[in-house]
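Taking it in order: structure first as structure tokens, then the write-up.
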Amino acid sequence: MTSATDLQQMNPPDPEQRRGSWVMGDPVDAPDAEPASNPLGLIMLVGLFAFLYFAAGPRYFLVVVGLVIMIFLHELGHFMTARWTGMKATQFFLGMGPRIWSFKRGEVEYGVRAIPAGAFVRIIGMNNLDPVPPGDEPRAYKNQAYWKRMVVITAGSMMHFLQAIVLFTLLYSVVGVPRLPTGAWTVGEISGLTTGEVPAVAAGIEPGDTIVSIDGVPIPTWDDLRPAVEDRAGEEVTIVVGKADGTTTTSTVELVEYTDPDGTTRGFIGIGPTFDRVTYGPLAGAEQFGSMFVQTLGFIPDFLSPSTFGRLASAVFDSNSGTDPDTGEIEDRPISVVGAVRIAGNPGFDWSIPIEMLALVNVSVGLINLVPLLPLDGGHAAIATYEKLRSRKGRRHEVDVAKLLPLTYAVVALLAFLMMSTVWLDIVQPIG
């Protein structure tokens, strides 16, 4: 159920004019259009995913596949509930644009379209501007009971929430989440968070080593390291390092200064610990979902506020905007799917990151999709609720969707700007 779905249905062209046409959304083909068979197009699409696997690596590939599955399950929710409630669904496609391959089973055409950037299910009679053959009127969406319409139109978001619960449960109860070590620890990484030579490199520290002492002060736990160096930026310290073979080395290095994101400066060695991996009980995933649901719900008003669009516009048209003048770091802002994939697919991050990122994307998309504005699913839910409240004595009130078109076009324009601006910024000013 995509934005262009509703725009296409609100302005249905003559069947003869729409034969073979398509838009970026829900392409409505002529009723008698034959299923498409374009082996070359299908091979090119498969080749695109193969290229992603070999060029970007398996991690980026799995993240992208995870997003494709997310979109597929969203539409599957609409499709299954529409069939279950007796509505007529005529198309189920992965991708947008021209059809490259499809087949029909019964009254439904299933297939793939050329642009792997979405999916759609076509359910007949979504509103008063979507004409329905007389014989199909009893199965049109607009003629169903209120509860059936609500089940179908919210099914996409419910699938997102279900996916988030499954992913959070997998992460917190099976895979485990990284936590700072509380006891004995080893060096996990050499960090380059500062310019110039990293002291850890100068001291010959490698992953798997231990820090025995700094200036004679023992460092038995990770928590003991920070107080030993944080107030000594620019000073020389003597570090005793325990190697994996049981030997020790002693080096004198100068600590450099590092500024934390909160503006605090401290001494810096340039190491990170090997994290402990912690799992929790079977309800931890649901609890984490609830926490993220509430946080995201509170974030949406600010996310969709004029100030957010203003900041994005400034960042797009001013190369210096959006950059902290003191630290040079990119300021906090919404990220696009491109940014999410780049962060989640980073091979330097723990495997918990892509799982958690996919879960958070599902929570965000599920909630934003319920905002009560067309062409989002929440707009359809709002119309169904309004019609229910206005109906009296067995006579159903029907909203004239044509009156909502100006607002709908404005919402589409804002969403398009949000998508394009965040994609652009995630390419030229990436976060993280």
Just checking Trp351: does its CH2 atom have more than 12 heavy atoms from other residues, nucleotides or ligands closer to it than 6.0 angstrom?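 Counting other residues, nucleotides and ligands, CH2 of Trp351 exceeds 12 neighbours.
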
Lys148 NZ: over 12 foreign heavy atoms closer than 6.0 Å: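 Yes, NZ of Lys148 has more than 12 neighbouring heavy atoms, counting only those of other groups under 6.0 Å.
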
Salt bridge or not between [X] and [Y]? Use side-chain N to carboxylate O under 4.0 Å.
X	Y	result
Glu387	Lys142	no
Arg99	Glu109	yes
Asp136	Lys88	yes

For Tyr146 and Ser391, what are the C-alpha separation, side-chain angles and deciding distance, and is it a side-chain hydrogen bond (donor to acceptor under 3.5 Å, both in side chains)? CA-CA 11 Å; Tyr146 172 71; Ser391 297; over 6 Å; no

Side chains of [X] and [Y]: does their closest heavy-atom pair fall under 4.5 Å?
X	Y	answer
Asp302	Thr308	yes
Ile368	Phe303	yes
Ile211	Ile271	yes

Any idea which heavy atoms bring [X] and [Y] closest together, and the distance?
X	Y	result
Phe289	Ala164	CD1-CB, 3.8 Å
Ala114	Ile100	CB-CG2, 4.0 Å
Tyr53	Pro58	CE1-CB, 3.6 Å
Gly285	Phe168	O-CB, 3.4 Å
Arg139	Gly86	NE-O, 3.4 Å

Could you check whether the rings of Tyr172 and Tyr280 sit parallel, tilted or perpendicular, using 30° and 60° as the cut-offs? tilted

Geometric class of the His74/His160 ring pair [parallel <30°, tilted 30-60°, perpendicular >60°]: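 Tilted.
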
Step by step, would you call His397 with Tyr386 a ring-ring contact (aromatic ring centres under 6.0 Å, His included)? CA-CA 9 Å; His397 177 80; Tyr386 179 77; 5.8 Å; yes

side-chain contact (heavy atoms from CB on, under 4.5 Å) for Leu225 and Ile269? Distances and angles first, verdict last. CA-CA 10 Å; Leu225 178 63; Ile269 295 179; 3.9 Å; yes

My understanding is that only residues two or more places apart in sequence, or in another chain, count here; which of them pass side chain to side chain contact (heavy atoms under 4.5 Å, CB included) with Val46? none

With Lys243, which residues qualify under side chain to side chain contact (heavy atoms under 4.5 Å, CB included), at least two apart? Glu206, Asp209, Val241, Asp245, Thr247, Thr249

Compute both the distance and the angle, then confirm whether Arg105 meets the cation-pi test with Tyr110: under 6.0 Å from the six-membered ring centre, within 45 degrees of the axis. no

Can you confirm if the NZ or CZ of Arg113 lies within 45° of the ring axis of Trp101 and under 6.0 Å from the centre of its six-membered ring? no

Can you find a side-chain donor-acceptor pair between Thr186 and Thr274 that sits under 3.5 Å?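 A pair is found: one side chain offers a donor N or O, the other an acceptor, under 3.5 Å apart.
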
Working for side-chain contact (heavy atoms from CB on, under 4.5 Å), residues Phe309 and Leu418: CA-CA 7 Å; Phe309 289 94; Leu418 181 65; 4.0 Å; yes

Hey, mind stepping through Thr85 and Val152 against side-chain contact (heavy atoms from CB on, under 4.5 Å) and telling me if it holds? CA-CA 8 Å; Thr85 55; Val152 171; 3.6 Å; yes

